[in-house]
Structures are given as structure tokens and as C-alpha cells.
Amino acid sequence: MSYVFVPPSNINTNTDVPYGISLSFADNGVFRSVGRNDEQALENFKNLLLTFPGERTGDWITFGCNLKSLLFSQNTDEIKSDIQDSILEATSQWLPYINIITLNIVTADDDPNLNNAINVLITFTVGAGFREQTIQINATESGVITIE
């Protein structure tokens, strides 16, 4: 997957020239192009959250976050702090231009309707002049992770 460093002081507004690629596919079955560097930062962040450390080879061997295994681990008192620590550590190491504003983790202890599920909501910016963005991650008891 692509990893593009997004310089926070340089806002690309020319959407006619692709700046990077999205994790999602376009209608023609190829990766969708991204025209703004704040959009590419969102894609980079999703990529980081969904990659296990050690999943990549070469210089990127430690790239990733242990989020997927934590989402499906035992629901203990420490689960929220473990998830938060994993996200914050990976982000500060690999995407230092991401400024996390809020990180909300909701489990069945907080919302009984979740029943064996975890929701993570992250609000962040890329730097001055960029809009606030949100990533929502949902892990269900059936083993499905969705990220929006």
C-alpha cells in the first residue's frame, strides 16, 4: 500500500493531479486516486491502523499498529488504555504530522447495546489550515472490522 508523507505546511488544492491513492477501489477495480494531501493523510492513517507490525518487509517491518489484535482480545479493564496506547504510539512514530484531537473508545461496558463489540472514534487534523477529519472503527463479535 502507498505511504505518502504529507507536509503539513503545503496544502495541495489541485484535485486534477493525483496526490496519492485511497485504500478503497474505484468503479473500474483500481485504487481510487486522492487529490488532496489531507485526504492522503486520512488514507495513510487508515493504512497504519489496519497494518500489523511485522506485516511489511524491508525498511517498513515495524510499520503498523497492534489495533486489530487488541480489538479481538479479552475485554478487560485495560482494553481501552491498551487500544489508546497502541494508536498513539504508532501515530507518533509513523505519522507525526497527525494531530489527534479526540480518541473515544466505546465498549459494552459503556453501551450495553454493543454486546461483544468495540467502537473507536478518532478525530484529528493534519496541521494548520487543514480541516478536522474523523475515522470510525467498528469491530463486531462476528470478526468484522469496518473503518470509515
Practice item. Assess whether side chain to side chain contact (heavy atoms under 4.5 Å, CB included) is satisfied between T102 and I122, documenting all intermediate values. Key: CA-CA 6 Å; T102 60; I122 306 168; over 6 Å; no

Point to revise | Between CH2 on residue W94 and CZ on residue F45, distance to nearest 0.5 Å | key: 15.0 Å

Review point. Is a donor on one side and an acceptor on the other found under 3.5 Å between the side chain of T134 and the backbone of T123?
Key: no

Review point. In Å, rounded to the nearest 0.5 Å, how long is the span from CZ of F124 to CG of L95?
Key: 9.0 Å

Study note, to complete from the structure: CD1 (I135) and CG (L49) are apart, to the nearest 0.5 Å, by 5.5 Å

Check your understanding: Quick one: does S81's side chain have a donor or acceptor within less than 3.5 Å of a partner on E78's backbone?
Key -> yes

Review point. Between I87 and I100, is any pair of side-chain heavy atoms under 4.5 Å apart?
Key: yes

Point to revise | Under 3.5 Å donor-acceptor, T91 side chain and L88 backbone | key: no

Review point. Taking the side chain from T51 and the backbone from N47, do they hold a donor-acceptor pair closer than 3.5 Å?
Key: yes

Check your understanding: Atom SG of C65 and atom CG of D85: how far apart are they, to the nearest 0.5 Å?
Key -> 10.5 Å

Point to revise | Step-by-step side chain to side chain contact (heavy atoms under 4.5 Å, CB included) determination, K68 to I145 | key: CA-CA 8 Å; K68 288 191 288 187; I145 295 177; 3.6 Å; yes

Study note, to complete from the structure: In N138, V120, D111, I118, the residue satisfying side-chain contact (heavy atoms from CB on, under 4.5 Å) with V106 is D111

Practice item. Answer yes if F52 and L48 sit in the same cluster of Ile, Leu, Val, Met, Phe, Trp and Tyr residues linked by side chain heavy atoms under 4.5 Å apart, and no otherwise. Key: no

Review point. Do I83 and L67 come close enough that some side-chain heavy atom pair is under 4.5 Å?
Key: yes

**Study point:** Heavy-atom pair of closest approach, residues I105 and Q84
**Key:** CD1-N, 3.8 Å

Point to revise | Heavy-atom side-chain proximity of K46 to I137 below 4.5 angstrom | key: no

Point to revise | D110 vs K80, salt bridge (charged side-chain N to carboxylate O under 4.0 Å, His left out): CA-CA, chis, key distance, verdict | key: CA-CA 11 Å; D110 306 312; K80 286 183 181 183; 2.4 Å; yes

**Study point:** Separation between CD1 of I101 and CD of Q133, rounded to the nearest 0.5 Å
**Key:** 10.0 Å

Check your understanding: Roughly how far, to the nearest 0.5 Å, is the CG atom of L103 from the CG atom of L121?
Key -> 8.5 Å

Point to revise | For L70 against I79, the heavy-atom pair lying closest together | key: O-CD1, 3.3 Å

